[in-house]
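Written out below as structure tokens is the structure these notes cover.
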Amino acid sequence: MRALTYQGKRDVRVETVPDPRIQDPTDIIVKITSTGICGSDLHLYEVLGPYLDPGDILGHEPMGVVEEVGPEVTAVAPGDRVVVPFNVSCGHCHMCGQGLHSQCETTQVHEYGTGASLFGYTKLYGQVPGGQAEYLRVPFGNALPIKVPHGPSDDRFVYLSDVLPTAWQAVEYADIPPGGSVSVLGLGPIGAMAARIALHRGAGLVIGVDLVPERLDRVSRYGATCLDLRRYDKGKELGDAVRDLTDGRGTDAVIDAVGMEAHGSPVAKAAHAAVGLLPDKVGRRLMETAGIDRLTALHTAIDLVRRGGTISISGVYGGSADPMPLLTLFDKQIQLRMGQANVKRWVDDLLPLLVDGDPLGVDSFATHHLPLEDGPKAYETFQQKADGMIKTLLIP
């Protein structure tokens, strides 16, 4: 089959690789019909090379049609249409029973002390072959796949793999009071969808912050008040603008949908670049003991949120030695919630919004549909924030 593979920093290629096969009696094989490129895939493209091997298959946002099932699979059958969550979760352990599928005890990666394995996402998360490919082996066939109806286009359902549950959890964790306010930092796919979900769930004021014109325009057209970060040379000026919109307090909540990609920290940017150039073993050691992130977005969130408010972090951070302004966090009585989305936890909330209509605008959410063979160019374009690319679906 053809699959998009990692080869080195800023070097991904579509290659011919062996087809996946049934390995355990509850496995299924899915023929992929659409597969997304995620903002966190750019962390693999830029930073997390020390945890990848050349030839690793990337991608964690796939859907398709069941091609083959193991002998113990009863929940789905060949021909069924399914979405594959990015968490590899068993569905029956203690953590899955608590709705914490991203912490699945069956697939935790004990070697690195991390949570549930993820499709297409480094040795840190199990080095499981990903879904930017023609076929994908999916374990836990009776519990993991999300069965969806035939009929609507893939665009209607594919975001159940990551974007929708990640954005829904971000809003849930933000704990916005009815009619309340939230700032969303970063208007890429997750931030844009979080803004839509917050409005759908009754937020009175959603403030979106970004510096890419296409992203700002897209979210403002959906009903959010957008602030162009390029107009604010100093972080405090942005904070003042948000406070001017909220009776001088700041928003009830802030969603950080940026993570380690934040602008404004040349030291951390240089550190990220250096890690990418080191031998893998040295790079891993540095990240695990002295890694730092570009924390501009998180520091901005702490400034924008009102006293007693909540910060919800959905953007991925990877540093182990990040400095945090604990005095300010304590003094402002800020609550922090964060973590990988627990995809299966939110399916029952989300699926009715996709079957009975399209209130979140998923049918037109993708800005680009490209053949899988164009994947390398799509990664480059997405990394450069060029051509108006915000969300790309690859079609094998």
Side-chain angles (χ1 to χ4, degrees), residues 98-100 102 163-210 216 218-227 229 235-236 238-259 297-315 324-343 345-353 357 359-361:
Q98 300 296 310
L100 295 170
S102 68
V163 173
L164 282 168
T166 297
W168 189 275
Q169 179 172 295
V171 174
E172 183 76 17
Y173 281 9
D175 196 25
I176 308 160
S181 57
V182 59
S183 297
V184 181
L185 304 181
L187 302 179
I190 302 302
M193 186 56 73
R196 296 183 184 194
I197 290 170
L199 289 163
H200 173 77
R201 294 180 58 170
L205 174 66
V206 175
I207 300 173
V209 180
D210 207 294
L216 291 161
R218 177 176 159 105
V219 173
S220 65
R221 283 188 280 110
Y222 216 85
T225 299
C226 286
L227 302 178
L229 192 59
K236 185 176 186 301
L238 176 64
D240 289 342
V242 170
R243 284 183 282 275
D244 285 345
L245 293 168
T246 54
D247 298 322
R249 297 188 185 93
T251 47
D252 298 310
V254 177
I255 294 172
D256 174 1
V258 179
L298 184 54
H299 289 171
T300 299
I302 293 167
D303 180 42
L304 301 189
V305 73
R306 67 160 167 82
R307 291 180 178 272
T310 302
I311 295 174
S312 171
I313 303 173
S314 60
M324 289 287 288
L326 290 176
L327 186 153
T328 303
L329 288 166
F330 182 85
D331 178 66
K332 290 186 73 172
Q333 199 169 333
I334 293 170
Q335 301 176 74
L336 288 174
R337 296 198 71 182
M338 67 191 81
Q340 297 278 12
N342 305 297
V343 174
R345 166 67 178 82
W346 309 113
V347 169
D348 289 344
D349 296 295
L350 287 162
L351 200 51
L353 300 178
L360 300 178

Dump the intermediate steps for side-chain contact (heavy atoms from CB on, under 4.5 Å) on L187 and R218, then the final yes or no. CA-CA 9 Å; L187 302 179; R218 177 176 159 105; over 6 Å; no

Would you check, one step at a time, whether the test salt bridge (Lys or Arg N to Asp or Glu O under 4.0 Å) holds for R201 with E172? CA-CA 10 Å; R201 294 180 58 170; E172 183 76 17; 2.7 Å; yes

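No option in V219, L238, V184, V258 other than L238 meets the side chain to side chain contact (heavy atoms under 4.5 Å, CB included) test with V209. Of the residues listed (V343, L353, V163), the one engaging W168 in a side chain to side chain contact (heavy atoms under 4.5 Å, CB included) is L353, and it is the only one.
Comment: K332 does not engage D303 in a salt bridge, judged by the lack of any side-chain N to carboxylate O separation of less than 4.0 angstrom.
Distance check: Q98 CD to R345 CZ gives 11.0 Å after rounding to the nearest 0.5 Å.
Residues S102 and N342 share a closest heavy-atom pair of OG-OD1, 2.7 Å. When all heavy atoms of G188 and D210 are compared, the closest pair comes out as N-OD2, 4.1 Å. Between G208 and L216, the closest heavy-atom pair is O-CD2, 4.4 Å. The nearest pair of heavy atoms linking L199 to A224 is CD1-N, 4.1 Å. Between I255 and A194, the shortest heavy-atom distance links the atoms CD1-CB, 4.2 Å.
T166 and S314 form no side-chain donor-acceptor contact under 3.5 Å, judged by distance and modelled atom types alone.
Evaluation of the salt bridge (Lys or Arg N to Asp or Glu O under 4.0 Å) rule for D244 yields no partner, not counting sequence neighbours.
The backbone N or O of I207 sits nowhere less than 3.5 Å from a side-chain atom of T225 that would complete a donor-acceptor pair.
Taking 4.5 Å as the limit, every side-chain heavy atom of L245 sits out of range of all side-chain heavy atoms of S181.
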